[in-house]
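Right, one structure below, let's go through it.
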Protein chains: 2
Amino acid sequence: MIPRKTIYRLSIYLRCLARLRENSIGTVSSEALAKAAGVKPTQLRKDLAYFGTFGTRGLGYDVNELLQKISEELGTSSLQPVILVGVGNLGLALLSYRGFEKEGFEIIAAFDTDPDRKRDKKISQPIFGMHDMPKFIREKNVKMAILSVPPAVAQNVVNTLVDTGIAGILNFAPIVLAVPEDVMVNNVNLAIELENLSYFIQG
Amino acid sequence: MIPRKTIYRLSIYLRCLARLRENSIGTVSSEALAKAAGVKPTQLRKDLAYFGTFGTRGLGYDVNELLQKISEELGTSSLQPVILVGVGNLGLALLSYRGFEKEGFEIIAAFDTDPDRKRDKKISQPIFGMHDMPKFIREKNVKMAILSVPPAVAQNVVNTLVDTGIAGILNFAPIVLAVPEDVMVNNVNLAIELENLSYFIQG
DNA sequence: AAGTGTTTGTGAATTATTTCACAATGGCAG
DNA sequence: CTGCCATTGTGAAATAATTCACAAACACTT
């Protein structure tokens with residue numbers, strides 16, 4: 001089984017390769033790519049070895065081919081629909097963040113307890129009330145959700161999400177969520193990231 | 001030396017303990033706290049053992065005391081000034097995010113190439129031009145920065161930050177930054193988090 | 001004050017991840 | 001076509017992180 005960390009790094013390699021391609025670079029050695037990705041060459045090679053062998057000895061990797069293979073492995077080839085729950089400050093910013101589509105994701109709708117509240121920013125996605133959510137998820141067969149609700153209600157919302165078939169949650173609420181083990185949660189906690197930095201810079 | 005992952009978890013324990021205190025709970029066992037934090041009890045105990053012994057056998061941990069000790073260990077006791085660079089969509093949202101102060105951080109100023117651009121949202125922090133940044137950092141002795149600039153200029157900005165004494169960077173730009181090894185970078189890449197979820201939910 | 005039950009703290013064992021070291025392979029020059 | 005050079009792919013070794021297993025310590029009851 002491929003380690004979780006390897007999967008993370010595959011995403012990084014993917015982005016480095018995309019930049020190489022933009023610069024019309026056709027082949028790359030594990031040394032060069034590893035450097036660009038901030039890892040050691042042996043680690044890169046080991047990571048790739050988990051799902052195949054793609055290089056040419058003495059030469060390196062074909063940028064396009066490797067891009068293709070990693071993309072397949074990650075399942076990024078097709079556009080994944082995502083919903084966002086909780087349209088506060090952060091939620092609104094994420095909705096207007098144009099960096100997802102390029103990477104194969106599209107936030108197709110947002111949900112909030114108060115969908116009609118006045119918000120300062122124009123966004124292209126529709127905002128619905130929370131009770132419309134289960135139906136929407138089922139009908140559109142959505143599998144992934146971004147959670148940016150206040151911590152106090154997060155667990156409740158998650159229970160609903162899980163019940164309606166969501167299998168992956170990107171959680172911004174500063175709380176540890178309880179989910180069945182077939183549901184995957186990735187936590188992004190900005191305060192913890194800062195705290196972590198703060199620890200390491202003061203030794 | 002304390003593992004990096006342990007430091008991350010200490011931050012999580014801290015937040016769980018804070019909630020216990022809010023609920024007027026005075027003591028907690030490693031089992032209960034570990035469950036709240038989403039880890040195994042032995043891991044919690046091992047983590048704590050890295051920097052001391054605080055529990056009472058047969059009873060558990062004093063919530064207040066442990067809170068205090070972890071907080072000291074993390075160096076969260078004092079308020080850390082932070083600057084933010086790049087006031088676009090995401091930067092603006094982070095500026096208005098009120099979740100940092102509570103955790104001991106304050107974004108005291110923001111910098112942007114176009115500080116006077118019209119922005120939809122009201123924020124309390126001042127926005128300065130990029131050329132004011134080095135002076136500001138040195139005068140206020142800022143050590144931490146949040147980076148939310150476009151990827152194309154990120155490395156450039158980082159070089160300036162490093163030169164002026166920044167030691168910790170929370171990077172939202174989707175690019176691998178090159179920094180001297182005494183500078184710490186924590187990356188937050190939302191597209192990668194989504195990609196990662198997507199991989200694991202489809203098996 | 002002794003006995004019982006609980007829970008910590010930790011050395012040892014296990015498991016996971018990273019790094020090393022080098023044989024195998026193909027490109028390329030002559 | 002042969003030999004050299006560069007670079008991959010990969011078992012083995014090293015390192016790191018987690019989990020186990022249990023003795024030690026304390027609270028609480030009687």
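Protein chains get the first letters and strands the later ones, always in sequence-line order, with residue 1 at the start of each.
- B:Ser30 has a side-chain polar atom (N or O) that falls below the 4.0 Å cut-off from OP1 or OP2 of C:dT8.
- Atom pair B:Gln43:CD and C:dT15:P shows a separation of 16 Å (rounding to whole Å applied).
- If you measure from atom NZ of B:Lys69 to atom P of C:dG9, you get 13 Å, rounded to the nearest angstrom.
- For DNA chain D, the outermost nucleotides in 5' to 3' order that have an atom under 4.0 Å from a heavy atom of chain A are D:dA6 to D:dA12.
- Of the candidates C:dT19, C:dG26, C:dG11, the closest approach to any side-chain atom of A:Lys40 belongs to C:dT19.
- Separating the CZ atom of B:Arg57 from the P atom of C:dT8 is a distance of 10 Å, rounded to the nearest angstrom.
- Across all strands, B:Thr42 comes closer than 4.0 Å to base atoms (heavy-atom distances).
- A heavy-atom distance below 4.5 Å is not found between the side chains of A:Lys135 and A:Met133.
- C:dT7 atom C1' lies 9 Å from atom CD of B:Glu31, rounded to whole Å.
- Relative orientation of the A:Phe51 and A:Phe54 rings is tilted, given thresholds of 30° and 60° on the angle between their planes.
- Residue B:Phe54 is the one, among A:Tyr50 and B:Phe54, whose nearest nucleotide of DNA chain C lies closer to the 5' end (criterion: closest heavy atom).
- At a cut-off of 3.5 Å, with distance as the only test, a side-chain donor of B:Arg45 or B:Ser30 sits close to an acceptor on the other residue.
- The aromatic rings of A:Phe111 and A:Phe136 sit perpendicular to each other, their planes meeting at more than 60°, with 30° as the lower class boundary.
- Rounded to whole angstrom, the span from the CZ atom of B:Arg4 across to the P atom of C:dT17 amounts to 16 Å.
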(request) Decide yes or no on side chain to side chain donor-acceptor pair (under 3.5 Å) for A:Thr6 and A:Asp47, but give the supporting numbers first. (result) CA-CA 6 Å; A:Thr6 291; A:Asp47 283 342; 2.9 Å; yes
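- The residue among A:Arg9 and A:Arg45 whose nearest nucleotide of DNA chain C is located toward the 5' end is A:Arg9.
- Here A:Lys5 lies in heavy-atom contact (under 4.0 Å) with sugar-phosphate atoms only.
- Judged purely by atom type and a 3.5 angstrom limit, B:Arg9 has no side-chain atom pairing as donor or acceptor with the backbone of B:Ala37.
- Nucleotide C:dT17 holds its C1' atom 14 Å from the CD1 atom of A:Ile7, rounded to whole Å.
- Using a distance-only test at 3.5 Å, with no hydrogens or angles considered, a donor-acceptor pair links the side chain of B:Ser29 to the main chain of B:Ala32.
- Closest-nucleotide positions on DNA chain D for A:Leu48 and B:Asp47 were compared, and the one nearer the 5' end corresponds to A:Leu48.
- What separates CG of B:Leu66 from C1' of C:dT7 is a distance of 14 Å, to the nearest Å.
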